[in-house]
4 protein chains.
Amino acid sequence: MADEKGPGHSRRRERSRQAIFAATRDLVAEGPYEKVTVEAIAARAGVGKQTIYRRWPSKSSVVFAALLALSEEADGQPPALPDTGDLRADLSLVMRATVEEFADPSFDRLIRALTTEIANDAALAAEYREKLARPLAEAKEARLRSAQEAGQLDADADLGLVLEVLYAPLFQRWLHRSGPLSAAYADSLVDAALRAFGPRAGVKPPAGRTAG
Amino acid sequence: MADEKGPGHSRRRERSRQAIFAATRDLVAEGPYEKVTVEAIAARAGVGKQTIYRRWPSKSSVVFAALLALSEEADGQPPALPDTGDLRADLSLVMRATVEEFADPSFDRLIRALTTEIANDAALAAEYREKLARPLAEAKEARLRSAQEAGQLDADADLGLVLEVLYAPLFQRWLHRSGPLSAAYADSLVDAALRAFGPRAGVKPPAGRTAG
Amino acid sequence: MADEKGPGHSRRRERSRQAIFAATRDLVAEGPYEKVTVEAIAARAGVGKQTIYRRWPSKSSVVFAALLALSEEADGQPPALPDTGDLRADLSLVMRATVEEFADPSFDRLIRALTTEIANDAALAAEYREKLARPLAEAKEARLRSAQEAGQLDADADLGLVLEVLYAPLFQRWLHRSGPLSAAYADSLVDAALRAFGPRAGVKPPAGRTAG
Amino acid sequence: MADEKGPGHSRRRERSRQAIFAATRDLVAEGPYEKVTVEAIAARAGVGKQTIYRRWPSKSSVVFAALLALSEEADGQPPALPDTGDLRADLSLVMRATVEEFADPSFDRLIRALTTEIANDAALAAEYREKLARPLAEAKEARLRSAQEAGQLDADADLGLVLEVLYAPLFQRWLHRSGPLSAAYADSLVDAALRAFGPRAGVKPPAGRTAG
DNA sequence: TTCTAAACGAGACGGTACGTCGAGTCTTTAG
DNA sequence: CTAAAGACTCGACGTACCGTCTCGTTTAGAA
C-alpha cells in the first residue's frame, strides 16, 4: 500500500513531493488563482516540470493532491468532533469554527480553488468525496448518531440530510458571498436543524425511554 | 427601458451582440468548459475578437452576460411561484422542478460555468446576486410570506434562511455530485424545512384561526 | 488636368488633403516607420480614416503622395542646376549638397520610407520615376549636355550612365550605411565620373579647341 | 566555429532551425512580402511561434538570418572571382552574372526583402555589412588588387570606390527598376570603371615595367 | 435663406497578425 | 536511472491595424 520503492530514491522523491505541495499551497494561498501555474509551482519548488507531470496528469490534480495532503497531514488520526453530551452546544461550536475558517483569506482561496477544480471535473469530485468529504462526514455523523441514541435527534432522521441542512447553507453563502458568515448565522442554522430533526414531541418518544 | 442607444450602428451592434450570446451559450452547453474560448466564441458568432473585448473585459464577463441575457429574455415578467394555498405541495413542485433542471446536461454545464466564474470573481458575484439571484429569491420569499401570513410558517421565521435550508443542500449535492438528485430528495428537504420553520404547535397558534 | 470635381467642396477637401500630408510627413520624419499607420495619420490630421481611403488605395500611396507633394511644393519651377561653366565645380557643389541632405535625420527617414515603399511596389516605382526621378534626372542631364557641348564630357557619353556613376554609389552608401558620406567622398565620385566620361585626350579633341 | 551550445537539445534545435530557414526562404521567394508573417513561417516549418521568438527578436531578424544562412551554406570556402589576367573580361563576366541573378524572380524577391529590412534597421545593416557584404567585397577587391599590381588599374585607385562605381549603378537600377539590366549595361559599367580607374597613360607607368 | 447631397469626423465592425503565456511533451546532461 | 533544466508544439490570450461600413454633422451651391 505504501510507496515501497524498490531502490532508495525514496528520499529524493519524497523531498520533491513535499516541495511541490508546499509550493502549490503557498501559491494558492497567496494570490489570484490564475497565477497558480504548473511552471510557477515547479519554479518555486525547485523542480522540473516533468517531475510534476510524471506524477499527476494535470494541474487540477496537483492542486487537488496538495490540498488533500494538507488535510491528511493534519489528520494523523481520524477527525473527531466534541461530544459533551450537549448536542446544541457541540454543533454550535463546530459551526462557529467553520465560519471562522472561511474568514481566513488563505483558507478561502484554498477552498475556492478546490471547489472550482472539483466543480468541473467529475473524477476529481469523486476523489474529493472519497478522501476528504466522506471521512469528515462520517466523523460528523458519528457525533449525530451519538445524539440520536441519546434521544436528542429523531430516531428516523437521515443523518446525512441533517449535515446537509447544517452545512450546505453555510457553504453556499460563502461560495456566492450572498450574506454575512457570523456566529449568529451558525447558531441559527443549528437551531433550524434541531427543530427539523430534533425529537418529535409526543409522537416518537426516544427508544428506551418508555418509562418516563 | 429599451436599448435606446443615442447614436449608433444599433442594428449591427445588436445583431453581433445576439450572435455573441448565442455562440457563448451553445459552446458552454455543448462541451467542456475549457473549449469555451473567446476565439471560439468570436469565430462561431462570426465576429471579430475585438468586438468582444470592446464590450466585455474578460471571458467571465461574456459568459456571465450571455447567461444573464438568457434569463432576462425568459423573464419579461418577474418570476412567480405557484400559490395554491398548500405550501408543502407548492414547495415540492418547485423543488422537484429544480431537481429536473439540474438533470439537463446543457443546463448543468451552463450553471456549472456560471458558478465557477462567480466563485472566483467577487465583482461578478455581486452582479449575479443583484441581477439573477435576488429577483428569484424575492419571488420565492413572496410565496413564503404568503404562507407565513396564512400561518403555515412560523411568524418569526427568517424567510431567507428558509430558502437557504431548502435550496442550499440541493445546490451543494449538485455541485459536488455528492448524492442523487431525486424527487424524493426534494421532498425530504421540503419536509425538513417545514419542520424547522412550520408553525410551532401550541405556542403560536395562527392568528384568526382560533375558531377551527 | 485639375481634379475637376463636379461640385466643389474644394476648400474642405484641400484642407484635409494638406492636413493628411502634413501629418504623414511629420510621422515619417519623427519616428520609426512602423509607427506610421493610417490610423495615426488620420488621428494626427484630425480626419476620418475613410477620408484617406477614399483618396488613396493604401498606406504606401499616401506616404508616396505626401512626399511627392513635398517636392512639388518646392518645385514651382522645374529644378535647375548651377551652370558656371566649370563642370567639376558645379558637380562638386551639387554632390556635396546631396551628401548634406542625406545627413539630415528627417530627410533620411523620409527618403528611407519612400525607398522602402518603392522597392516593393512596381506601380509606385513607376510613378516615382515619372514624377520625381525623371524631372530631376532631366535637369541634371541638361547640365551635363551643356558640358558635353562645351567639350567637357566625351561626345559619346551616355548622360544617364554618367548620372548613375555619380549618384548610385552615394545612394548605395547611404542606403546600406556602408561608409561615410562626406564632401571628400562626393568629390571622389566627381573625379571618377570625369575620368570615365571626360574628353578622351588625343582621340576626340573637343570641337573648336583645335587652336590650343 | 560550431554553435557549441553548452547544454543542448542540439538535434531537435538544429532540425527546427533548418525548417524555419527553409520555410522563410520559400515564403519570401514565392510570394508577396506581406505574406511572409511569423505565423506563416511557423506553420510551414511545423514549429511553434515561440520557437521563432525565442531565437530572434523580430521578423526582420529571421528573414535576415535565413538569407544569411543561405549564403553561408554556399560558402564553405570564401568566394573567389575569376582571375584570367584579363581584368576587363573577368569583370564583364562577373557583372553579367550579377545581372542574370537579378533577373531571377526568386532571387529578386529575396534580395528585395533583405534590402527592405536592412534599410530600416541599422543593427541589421551592420550585421549585413559584416557577414555578407564585406566578405564579398574583399573577394572582389582581391581581384582588383591583383589587377592593380599587374598595372591594369591605377596604383592610387581606391578599390572600394571602384567596386561602388561598378556595382552601385546596377543595384540602383534594379532597386528602382529605372532601366533595363542587360549584358550591354554591365559592360558599359565595366568600361566606365576602367576608364575612371585604369592606368593613367604616361603619368604613372606600372611598376616593374621600367624597361619599356 | 433654406434645402439638398456630397463629403466629412468619428469610430465600430470582421479580420489578420502580432508577441506573450502556459499546458503538457520530449530530450539532454548532471548527479 | 532519476531528476533538473528547459526547449519543444500547440493554442489561446489580449492588442494593434487593416480596410470597410455606418453614423450623424458640416458645408457649399442650387432652389
Side-chain angles (χ1 to χ4, degrees), chain A residues 5-7 9 12-13 15-16 34-43 45-54 56-60, chain B residues 5-13 15-16 19 34-43 45-55 57-59, chain C residues 5-13 15-16 19 34-43 45-59, chain D residues 5-13 15-16 34-40 42-43 45-55 57-59:
Chain A
K5 297 249 67 242
H9 291 291
R12 226 176 165 195
R13 186 176 179 81
R15 215 180 320 131
S16 67
E34 65 266 22
K35 298 248 165 178
V36 184
T37 68
V38 173
E39 294 196 332
I41 294 171
V47 137
K49 274 204 290 179
Q50 196 53 43
T51 300
I52 294 179
Y53 281 111
R54 220 187 319 272
W56 299 278
S58 67
K59 188 178 69 167
S60 310
Chain B
K5 307 239 69 263
H9 321 327
S10 323
R11 238 79 58 84
R12 233 175 158 200
R13 187 177 179 81
R15 215 182 317 134
S16 67
E34 64 267 22
K35 296 250 166 182
V36 183
T37 67
V38 174
E39 294 202 329
I41 293 171
V47 138
K49 273 201 290 179
Q50 200 55 51
T51 299
I52 295 179
Y53 283 114
R54 208 176 287 124
R55 304 225 243 274
S58 65
K59 191 181 65 172
Chain C
K5 302 249 65 254
H9 301 294
S10 326
R11 234 77 60 84
R12 230 178 162 197
R13 185 178 181 79
R15 216 181 318 132
S16 67
E34 65 266 23
K35 298 247 165 179
V36 183
T37 67
V38 174
E39 294 200 329
I41 294 171
V47 139
K49 276 201 291 178
Q50 197 54 45
T51 301
I52 294 178
Y53 282 112
R54 209 175 287 124
R55 304 227 236 282
W56 298 278
S58 67
K59 188 181 68 170
Chain D
K5 306 241 69 260
H9 322 322
S10 322
R11 235 78 59 83
R12 235 175 158 198
R13 188 178 179 81
R15 216 181 317 133
S16 67
E34 64 267 22
K35 297 250 165 181
V36 183
T37 67
V38 173
E39 293 202 328
V47 137
K49 273 201 291 180
Q50 199 55 52
T51 299
I52 294 179
Y53 283 112
R54 207 177 289 124
R55 303 224 242 274
S58 65
K59 190 180 66 173

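Chain A is the first sequence line, chain B the second, and so forth, proteins listed ahead of strands; every chain is numbered from 1.
- Each of E:dA12, E:dA23, F:dT20 was ranked by its minimum atom distance to the side chain of A:Lys59; first place goes to E:dA23.
- When the side-chain nitrogen and oxygen atoms of C:Thr51 are compared with OP1 and OP2 of E:dG9, one or more of them lie within a distance under 4.0 Å.
- Within 4.0 Å of C:Ser58, counting heavy atoms only, lies no atom of the nucleic acid at all.
- In the interface, the side chain of D:Gln50 is not paired with the base of F:dC10 through any donor and acceptor atom under 3.5 Å apart.
- Remark: B:Arg15 is not in phosphate contact with E:dG14, judged by side-chain N or O atoms under 4.0 Å from OP1 or OP2.
- Between B:Ser16 and D:Glu34, the one whose closest nucleotide on DNA chain E sits nearer the 5' end is B:Ser16.
- For the atom pair C:Arg13 CZ and C:Arg54 CZ, the distance stands at 8.5 Å (nearest 0.5 Å).
- Residues D:Val47 and C:Thr37 both approach DNA chain F. Their nearest nucleotides, taken by heavy-atom distance, put D:Val47 toward the 5′ side.
- Side-chain N/O atoms of B:Arg12 include none lying less than 4.0 angstrom from OP1 or OP2 on E:dA12.
- In terms of position along DNA chain F, the nucleotide closest to A:Gly46 lies nearer the 5' end than the nucleotide closest to the other residue of the pair A:Gly46 and D:Glu39.
- No N or O donor and acceptor, one from the side chain of C:Lys49 and one from the base of E:dG11, sit under 3.5 Å apart.
- For F:dC8, one of the phosphate oxygens OP1 or OP2 lies less than 4.0 angstrom from a side-chain nitrogen or oxygen of D:Arg55.
- Close to F:dT2, at under 4.0 Å from its OP1 or OP2, lies no side-chain N or O of A:Arg54.
- Looking at the side chain of B:Tyr53, the nearest of the listed nucleotides F:dT15, E:dG9, F:dA7 is F:dT15.
- Phosphate proximity of E:dA12 to B:Arg13: absent, as no side-chain N or O sits under 4.0 Å from OP1 or OP2.
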